[in-house]
Protein chains: 2
Amino acid sequence: MKRVAIAGVGLIGGSFALALRQAGFDGEIVGVSSPRTIAEALSSGVIDSAMALDEAAGWADLLFLAQPIRRIVEMIPLIGASIGKHTLVTDAGSTKATICAEAGQHIPAAQFVGGHPMAGKETRGAASADPSLFRNRTWVLTRDCDHPFVDWVRRIGAHVLILDAEEHDRTVAHTSHLPQLVSTALACTVDGVELRAGGPGLIDMTRLALSQYEMWEDILATNPEPIDAALGEMIAALGAMREQLRGAGLREEFERAAKMRRRLVTPVQLR
Amino acid sequence: MKRVAIAGVGLIGGSFALALRQAGFDGEIVGVSSPRTIAEALSSGVIDSAMALDEAAGWADLLFLAQPIRRIVEMIPLIGASIGKHTLVTDAGSTKATICAEAGQHIPAAQFVGGHPMAGKETRGAASADPSLFRNRTWVLTRDCDHPFVDWVRRIGAHVLILDAEEHDRTVAHTSHLPQLVSTALACTVDGVELRAGGPGLIDMTRLALSQYEMWEDILATNPEPIDAALGEMIAALGAMREQLRGAGLREEFERAAKMRRRLVTPVQLR
């Protein structure tokens, strides 16, 4: 792997570039983005040069799509028309079924692997790029793949987890989308109450409610069924609690929840 | 106010004693607790001496009940039998209606004010007592009261908020009990899912799920109706989200939630 093209040189794309460099990658890294983003990425030293998408698709050993989901879906047909014989295409979209279905129609199966690096931070753009962003984070791939790209993912410190697109989307509906929506719903429910009587627990539980809708619109639009199912399970859990409150109490629920939480915070999740 | 008796010299009672001293209180502070707790409180320098409950109730200018809710409810009739003419009784229970109703039967109305200092930390016992525990925290009182006790609450850095018992319980059902139960329910819902695909959001949202049931049993038992109502509102909010997901999207919910959260984090809540 000598030639890497990154489409969308923002936080994720830029951090991937910096991480590759820090891990010893000495090939070329080009950016495919708007002029403004390219200017920022060049001045941050994140990329060596810029290229148009069709040219990059024919030139690169690895084409990494690090844009918002909707943009990735729009680019895939264009890539299919100009992809080189040895180019592997991957992406960083937070949902996988829609993207993988689109790729299935336009890119040879052996030349595409869906990806989801489970990393991020509050700030955006190439100026926020951080070579250690993926360290100790999970990087989901939608299939086993013996391309050197996967070795580089490990070399930059990420933990590869293979989940097919549907399994990924069902899983993150629970581990990522549900926590976001629960935080938003909790904030809406508590809205209007005397907030001077709010404590640290409420502050923690509504932190995610600060998320911008723009960051979530594509995710929600491309994963509606798993999210609907997860919301249904959450509603059922709260409904069962109401019953138990009037009945035998919630000891079992508290113990099960605490056990789950202790299992959650393994070295992989401790960031 | 020269004579303070603290029943239950754990984290809250002990911190109140230390906070009074730090704020310049130079009267006597006695503890009413089990021999073991008294020994710990004496060796931590939290109290000057120990006294039996009936004696303390007759002697003190202020009798502060800082035990678990159930224990406070058990003690109130005993206090009623031996209370002095000038003793004000207050408490630190996390729910107020049950305690205030019990007090109403056994203690003259002018000699009781319900209280809820909204402070705490992970560790318990007099050894964890901290004179700054109440600084910038809300201290709910169930009625206006011009006893010097209220001045001392302010002098130790707390913000007094007057809410009657029912209003308090309805409020904390939303601001404290609901966040706890939502975190527990979320952890139960996500239990069994591939946790390697869990991120920082899930970790934040399930932190409260580590709470011990023993700390919550009395709270849930003494506030069932407001909690049931709050759970019902949360279920309705999640149900509305399911509808909106299939419809116009969640922009409005995200914006409302973010606005609520920004309002929540005022200097009083930033701890």
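To find a chain, count down the sequence lines: A is the first, B the second, and so on, and within it residues start at 1. Owing to the predicted nature of the structure, the values given are computational and were not obtained by experimental measurement.
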Residues pairing under ring-ring contact (aromatic ring centres under 6.0 Å, His included) where one sits in residues 185-212 of chain B, two or more places apart or in two chains, turn out to be none

Hey, do the aromatic rings of Trp139(B) and Phe16(B) have their centres closer than 6.0 Å? yes

For [X], which atoms come within 4.5 Å of any heavy atom of chain A: side chain, backbone, both, or neither?
| X | answer |
| --- | --- |
| Glu255(B) | neither |
| Leu161(B) | side chain |
| Arg246(B) | side chain |
| Leu186(B) | both |

Any idea which of Gly249(B), Ser211(B), Gly232(B) has the most non-hydrogen atom pairs under 4.5 angstrom with chain A?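 With the most close heavy-atom pairs to chain A, the winner is Gly232(B).
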
Per-residue tally against chain A (heavy atom, under 4.5 Å) across Ala236(B), Ala119(B), Cys188(B) peaks at Cys188(B)

Pick from [options]: which one has the most heavy-atom pairs with chain B under 4.5 Å?
| options | answer |
| --- | --- |
| Leu163(A), Val172(A), Val182(A) | Val182(A) |
| Ala240(A), Gly192(A), Pro224(A), Ser183(A) | Ser183(A) |
| Leu210(A), Asp191(A), Leu245(A), Ile235(A) | Asp191(A) |
| His168(A), His174(A), Arg242(A), Glu214(A) | Arg242(A) |

Please check: side-chain N/O of Thr95(B) versus main-chain N/O of Asp169(B), any donor-acceptor pairing under 3.5 Å? no

Give a yes or no answer on whether the side chain of Asp91(B) reaches the backbone of Gly115(B) with a donor-acceptor pair at less than 3.5 Å. yes

Any residue meeting side-chain hydrogen bond (donor to acceptor under 3.5 Å, both in side chains) with Glu243(A), in chain and number order, not counting sequence neighbours: none

From Arg70(B) CZ over to Glu217(B) CD, what is the distance, rounded to the nearest 0.5 angstrom?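 It comes to 5.5 Å.
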
Could you list the donor-acceptor pairs under 3.5 angstrom formed by side chains in residues 200-208 of chain B, with sequence neighbours left out?
from	atom 1	to	atom 2	distance (Å)
Asp204(B)	OD1	Arg207(B)	NH2	3.3
Thr206(B)	OG1	Arg261(A)	NE	3.0
Thr206(B)	OG1	Leu202(B)	O	2.7

Any chance the side chains of Thr171(A) and Glu167(A) put a donor and an acceptor closer than 3.5 Å?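 No donor-acceptor contact under 3.5 Å links the two side chains.
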
Under a plain distance cut-off of 3.5 Å, with no hydrogens placed, do Gln180(B) and Ser176(B) share a side-chain donor-acceptor pair? no

Parallel under 30°, tilted from 30 to 60°, perpendicular over 60°: which one fits the rings of Phe254(A) and Trp216(B)?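 Ring orientation of Phe254(A) relative to Trp216(B): tilted.
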
Are more than 12 heavy atoms from other residues, nucleotides or ligands located less than 6.0 Å from atom CD of Glu74(A)? yes

Please indicate whether Arg71(B) has more than 12 foreign heavy atoms, meaning atoms of other residues, nucleotides or ligands, lying under 6.0 Å from its CZ.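 At most 12 heavy atoms, drawn from other residues, nucleotides or ligands, come within 6.0 Å of this atom.
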
Taking 4.5 Å as the heavy-atom cut-off, does anything in residues 124-133 of chain A contact chain B, and if so which residues?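 Contacts with chain B: none.
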
Under a 4.5 Å heavy-atom cut-off, does chain B meet the side chain of Leu181(A), its backbone, both or neither?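 Leu181(A) touches chain B through backbone and side-chain heavy atoms alike.
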
Applying a strict 4.5 Å limit to non-hydrogen atoms, the region of Val193(A) in contact with chain B is side chain

